[in-house]
Amino acid sequence: MPTVYSTVKEYKETEILIQKSRFITYVNRVESEKEAVRFIQNISRRHWDATHNCYAYQVMDGQIAQKSSDDGEPAGTAGRPILEVLKNRDLINTVIVVTRYFGGIKLGAGGLIRAYSQSASTGLDAAGILDWVLHRMIRITVNYSAMGKVEYELRSMNVDMEQPKFSDKVHFTVWVPDGKESTVTEMVAEQTGGRGEVILGQKEYRPIPR
């Protein structure tokens with residue numbers, strides 16, 4: 001499990017015209033290979049009359065899964081260039097479909113590779129990029145006398161902190177990058193004289209905009 005990966009920020013559609021052919025690019029974030037396949041099928045049904053619906057995706061589904069398709073274009077001139085754009089930008093959990101409506105002018109192998117690469121890059125530029133960093137949830141319980149000091153230290157650490165909850169004690173829930181838990185546990189011990197309770201919880205990826 002990597003500690004960080006990058007994907008697109010949002011769904012986007014873009015279109016460019018090259019030698020009278022329309023290249024319509026669809027970019028989306030997906031959580032699984034099944035979701036990527038479903039997205040591709042939906043675009044293909046939407047553009048059933050297109051000359052080609054070429055695609056590529058990279059998905060972290062237990063392990064890195066990747067696939068591309070030329071959908072009738074000469075081998076290696078469409079799907080592979082799209083996939084190479086994804087790989088060069090180190091994007092995971094991302095799918096791209098480039099729909100082409102032929103305009104009557106043949107582009108040749110080199111022209112097709114450039115056209116599909118440009119289409120994929122244009123779509124990704126429009127969608128934006130998010131870095132997803134693996135975080136660990138930490139639950140902290142302290143007495144009211146230590147609340148102010150602990151909260152101040154947590155905010156100065158710039159951790160992702162949820163709203164405190166109150167009972168007979170004060171309960172904080174924070175998210176810290178995986179591997180950085182000791183900075184929080186040591187701070188709580190220092191500020192509470194060892195009387196604060198720290199429980200390490202689940203791990204999950206959380207987005208950090210570039």
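Each residue takes its place number in the sequence, starting with 1.
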* Would you indicate whether the side-chain heavy atoms of Leu154 and Ile140 approach each other to under 4.5 Å? => yes

* Thr183 and Val176: CA distance, side-chain angles, deciding distance, side-chain contact (heavy atoms from CB on, under 4.5 Å) verdict -> CA-CA 9 Å; Thr183 59; Val176 301; 5.7 Å; no

* Side chain Ser69, main chain Tyr55, donor-acceptor under 3.5 Å -> no

* Is any side-chain heavy atom of Lys87 less than 4.5 Å from a side-chain heavy atom of Gln58? -> yes

* Indicate whether any N or O donor in one side chain lies under 3.5 Å from an N or O acceptor in the other, for Thr7 and Thr94. => yes

* Ignoring hydrogens and angles, tell me if any N or O in the side chain of Ser119 forms a donor-acceptor pair with the backbone of Thr25 under 3.5 Å. => no

* Do NZ/NE/NH1/NH2 and the carboxylate oxygens of Lys149 and Glu153 come within less than 4.0 Å? -> no

* Structure fact -> For Val188 and Gly196 the tightest heavy-atom approach is CG1-CA, 4.1 Å

* Smallest separation among heavy atoms of Val142 and Lys169, with atom names -> O-CB, 3.3 Å

* Asked: So, Asn93 side chain and Val59 main chain: donor-acceptor pair closer than 3.5 Å or not?
  -> no

* Asked: Is Arg22 salt-bridged to Glu15, cutoff N-O under 4.0 Å?
  -> yes

* Asked: With hydrophobic residues grouped by side-chain heavy-atom distances under 4.5 Å, do Met161 and Val150 end up in a single group?
  -> yes

* Asked: If you measure from the Lys or Arg side-chain nitrogens to the Asp or Glu carboxylate oxygens, is any gap between Asp125 and Arg89 under 4.0 Å?
  -> yes

* Asked: Hey, do the aromatic rings of His52 and Phe23 have their centres closer than 6.0 Å?
  -> no

* Asked: Under 30°, 30 to 60°, or over 60°: which ring-plane class applies to Tyr205 and Tyr5, parallel, tilted or perpendicular?
  -> perpendicular

* Do Leu200 and Glu181 come within less than 4.5 Å of each other through their side chains, counting heavy atoms only? -> yes

* **Sidechain N-carboxylate O distance under 4.0 Å for Glu197, Arg195** => no

* Asked: Does Val8 reach the side chain of Leu124, with side-chain heavy atoms less than 4.5 Å apart?
  -> yes

* Under the side chain to side chain donor-acceptor pair (under 3.5 Å) criterion, do Ser6 and Asp131 qualify, and how do the steps go? -> CA-CA 4 Å; Ser6 301; Asp131 293 324; 2.5 Å; yes

* Asked: Which heavy-atom pair separates Gly76 from Pro81 by the least distance, and what is that distance?
  -> O-CD, 3.5 Å

* Structure fact -> Only residue of Arg46, His47, Glu13 satisfying side chain to side chain contact (heavy atoms under 4.5 Å, CB included) with Thr99 is His47

* For Cys54 and Asp70, work out which heavy atoms get closest and say how close. => SG-O, 3.0 Å

* Please assess Glu33 against Tyr57 for the test side chain to side chain donor-acceptor pair (under 3.5 Å), listing each intermediate value before the final yes or no. => CA-CA 8 Å; Glu33 190 167 12; Tyr57 61 78; 2.6 Å; yes

* To do: Ignoring hydrogens and angles, tell me if any N or O in the side chain of Thr77 forms a donor-acceptor pair with the backbone of Glu73 under 3.5 Å.
  => no

* **Short side-chain to backbone donor-acceptor contact, Glu35 and Glu31, under 3.5 Å** => yes

* Given side chains that start at C-beta, do those of Val170 and Thr141 come closer than 4.5 Å, heavy atoms only? -> no

* Asked: Checking Thr3 side chain against Leu134 main chain: does a donor-acceptor pair fall under 3.5 Å?
  -> no

* First locate atom CD1 of Ile138, then atom CZ of Phe172, and finally report the distance between them rounded to the nearest 0.5 Å. => 13.5 Å

* Asked: Does Met157 reach the side chain of Met187, with side-chain heavy atoms less than 4.5 Å apart?
  -> yes

* Rounded to the nearest 0.5 Å, how far apart are NZ of Lys20 and CD1 of Ile105? -> 5.0 Å

* Compare all side-chain heavy atoms of Phe39 with those of Val97 and state whether any distance is below 4.5 angstrom. => yes

* To do: Measure the OG1-NZ distance between Thr122 and Lys12 for me, rounded to the nearest 0.5 Å.
  => 13.0 Å

* Any side-chain heavy-atom pair of Ile18 and Ile16 under 4.5 Å -> yes

* Asked: Can Arg206 be said to sit on top of Trp175's aromatic six-ring, NZ or CZ under 6.0 Å from centre and within 45° of the ring axis?
  -> yes

* **Atom CZ of Arg136: over 12 foreign heavy atoms under 6.0 Å** => yes

* Sub-3.5 Å donor-acceptor pair from the side chain of Ser44 to the main-chain atoms of Asn42, do we have one? -> no

* How about Tyr11: does its OH atom have over 12 heavy atoms from other parts shown lying under 6.0 Å from it? -> yes

* Asked: Is a side-chain N or O of Ser21 found less than 3.5 angstrom from the main chain of Gly103, in a donor-acceptor match?
  -> yes

